Amino acid sequence: MTEAAEADDLRRLNAATARLEPPFAVVDLAALRSNAAVMVRRAAGTPIRLASKSVRCRRLIEDALTMDGIRGVLAFTVPEALWLAESQVSDDIVVAYPTADATALARLAGHPRAALAVTVMVDSIDHLDLIARAAATVTDPRPVRVAIDIDAGYLAAGGLLRAGARRSPIRSPAQAAALARAIAARPGLRLAGVLAYEAQIAGLGDDPPGRPAYARAVRVMQRRSAAELAGRRAAIVAAVRDVAPIEFVNGGGTGSIAATAAEPAVTEIGAGSGLYQPRLFDGYRSFRGRPAALFALPVVRRPGRGAATVLGGGYLASGPGDRSRLPFPYLPAGLRLDGNEGAGEVQTPVLGAAADGLRLGDRVWFRHAKAGELCEHFNELQLIEGSAVVATVPTYRGEGKAFL
Ligand SMILES: Cc1ncc(COP(=O)(O)O)c(C=O)c1O
């Protein structure tokens, strides 16, 4: 963005929220819609299953699900999936992470409508046993829909080097087929699909600012990983389909939409972060989103020249505990965090010449490093259309639903 555009945006955001007392969080609906449209275009006809952890606001999830090209929810816990099914947000929900919650699994097996709507993730016989034990506690249990989670990580140097999330122990077509056979042999289970999430591509920017050597290494790794995974994913899907028909093959994330969608074996993309376009997703060459989710903090003191201190701010993102997880002072442009203090529990100094223009009560607008985690710090999101707040909607937390 140019300086003039940034100044315009700051004026617009301040005008829209003039009546609100910070701290508060906003979603800029025009930016959100534009980001969603870019994601759908990148998917080129492959549907996007919306990663709810990256949104964490029921109203925005419902709105996104009305868009062409976005279909179904990729949820993060079984209690969340039950809530979304019971409140009719979606009847097509895949829980992307395995569960050990026997209570929620029993509720699922005992709930005729939710049992048709929700698919849970498994990667071992232990998961199958756990589901069977939970289902056995209810009268007339319905079959539980399951999907097989595949390790999509990249291994180099004979397995000594690894990139990607440590998820499933299932890596080969033979392992996937064996688990599929074990599922098919159990009348209480229905095999619905396969999921293989390549975090080392979809969640790792290939253009991190100020780190050219690291960026080159990331690009080499991602090229090799994508080639390896395309072949392995196709072989795994073929091996599983030889055992039983499946409805979906889920892959990718915001950072890999176009490349993952181009794999013939993949039937849907799981993604959500791109809607909010948090700071970590600025570091990709293949797409640019517009910052759609922001939070505003009030200036509460001026410790000296070139410094202003805002209330709160320590909303760190999950992941490796490094600087990339800190929130980022966005507007007024040109502010930075103090290297010694970072973002504080109750106050955060911001530094830079722009601080000298700030008075007590002025707002500093921040971006979170990640997407939905922002919603764990605010009960509400102010939805902005142009230069007005058009609705105030609860986050998951605001509905008393802090699932994680
Ligand atoms: C299984 C799965 N799919 C997709 C994603 C990508 O989600 P997003 O695009 O919201 O970053 C994630 C993120 O962690 C994930 O765990």
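Computed from a prediction, not measured in an experiment: that's the story for all the values here. In this chain, numbering begins with 1 at the start of the sequence shown. When a ligand or atom number is given, it counts from 1 through the structure's own listing order.
Taking the six-membered ring for Trp and thresholds of 30 and 60 degrees, Y396 and F76 have nearly parallel ring planes, at less than 30 degrees apart. In this pair, W365 and F24 present their aromatic rings perpendicular. The plane angle is above 60°, beyond the 30 to 60° band.
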Tabulating one pair per line, provide the atom names and distances (0.1 Å) for every N/O atom of ligand 1 that is less than 3.5 Å from a protein N/O atom.
unit_1	atom_1	unit_2	atom_2	d
ligand 1	9 (O)	T254	N	2.9
ligand 1	9 (O)	T254	OG1	2.6
ligand 1	9 (O)	G272	N	3.1
ligand 1	10 (O)	S54	OG	2.5
ligand 1	10 (O)	G272	N	3.0
ligand 1	10 (O)	S273	N	2.7
ligand 1	10 (O)	S273	OG	2.9
ligand 1	11 (O)	S273	OG	2.7
ligand 1	14 (O)	K53	NZ	3.4
ligand 1	16 (O)	Y97	OH	2.6
ligand 1	16 (O)	R167	NH1	3.2

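In this structure, the side chain to side chain contact (heavy atoms under 4.5 Å, CB included) partners of E62, at least two apart in sequence or on a different chain, are V89.
For the residue pair R11/S387, the side-chain donor-acceptor check at 3.5 Å is not satisfied. Using modelled atom types and a 3.5 Å distance limit, the side chains of S87 and R58 yield a donor-acceptor pair.
Under a cutoff of 6.0 Å and an axis angle of 45°, R49 and F248 form a cation-pi pair.
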